[in-house]
Amino acid sequence: MIELKDVWKVYSNNVKAINGMTLKIDKGEFVYIVGPSGAGKSTFIRLLYREEKATKGEVIIDQTKLNSIKERHVPKLRRKIGVIFQDFKLLPTLTVYENVAFALEVIEEPRASIKRRVMEVLDIVKLKGKAKFLPDELSGGEQQRVAIARAIVNRPEVLIADEPTGNLDPDTAWGIMDILDDISHRGTTIIMATHNKSIVNTLKRRVIAIENGRVVRDEVRGNYGYEI
Ligand code: ADP
Ligand code: ADP
């Protein structure tokens, strides 16, 4: 499903963020990416949805080599990949419904099917009752759930999460994990960069630890392995 073959990423300021990374993630896996600040986790994540291009090596998603796709094909790739962030990135002037529908409107889905899909995913994230709210009328956890709904509304094969619980209190963070668990059980591959030690050590899954842009640990049911 996802494969990196000897991937290197050097930023234009000469920072070497990823230094020869090789790994495979199978369809349906739920993987935590851990490591200290500056280790290269976000860069790794951005390589996966082609926000950044590898300097050398291959990033392959579902048989597509990301380095060789043309700019005009990037939107099509992104339809296979949902992304959520620590800071939600919702459009503040659009309602919950509109934030989620947006991703389907740009691909010109028929209106009736948009409505059905949006209500389906709002149900999954338990926000059907708040479809008409604006983002700033919601709690942080609710905003993240809208972001999750937006990310999965295209039925992507992969959901990528960069510190999805980073801005949330512990209870709310666990609520987000419940939803990610549910999405994982529906067959979506999930890759989640996180600093949340208690989540990683409790909801045991594959852990890939990155330090200095390299994989230093890859365990089937791993631990967080750092103090904070
Ligand atoms: P992490 O997510 O683990 O904190 P990052 O991938 O953000 O790590 O950063 C890895 C290294 O790359 C750091 O040294 C960081 O300063 C650098 N870096 C990250 N993004 C950029 C960028 N857009 N331009 C230049 N350097 C960057
Ligand atoms: P840009 O790459 O210039 O930020 P995009 O249209 O690619 O513009 O992305 C717009 C916003 O949506 C950005 O914040 C981006 O990180 C985010 N984004 C991109 N792809 C996805 C995706 N598949 N799912 C969710 N959010 C995405």
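Note that the structure is predicted; figures quoted are calculated from it, not measured. Every number for a ligand or one of its atoms is a count from 1 in the order of the listing.
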Could you pull out all residues at least two apart from D169 that satisfy salt bridge (Lys or Arg N to Asp or Glu O under 4.0 Å)?
none

Output the set of protein residues with a heavy-atom contact under 4.0 Å to ligand 1, ordered first by chain identifier and then by residue number.
Y11, N13, V15, A17, P36, S37, G38, A39, G40, K41, S42, T43, R46

Could you tell me whether R78 and E51 make a salt bridge, using a distance below 4.0 angstrom between a side-chain N and a carboxylate O?
yes

Taking distance alone, no hydrogens or angles, what donor-acceptor pairs closer than 3.5 Å link side-chain atoms of residues 15-26 to residues at least two apart or in another chain?
residue: N19; atom: ND2; partner: N212; partner atom: O; Å: 2.8
residue: T22; atom: OG1; partner: D6; partner atom: N; Å: 2.9

Find the distance between CG (L48) and OG1 (T43) and round it off to the nearest 0.5 Å.
11.0 Å

Would you say NZ of K115 has more than 12 non-hydrogen atoms from neighbouring residues, nucleotides or ligands within 6.0 angstrom?
no

Counterpart residues, salt bridge (Lys or Arg N to Asp or Glu O under 4.0 Å), relative to K204 (two or more places apart):
none

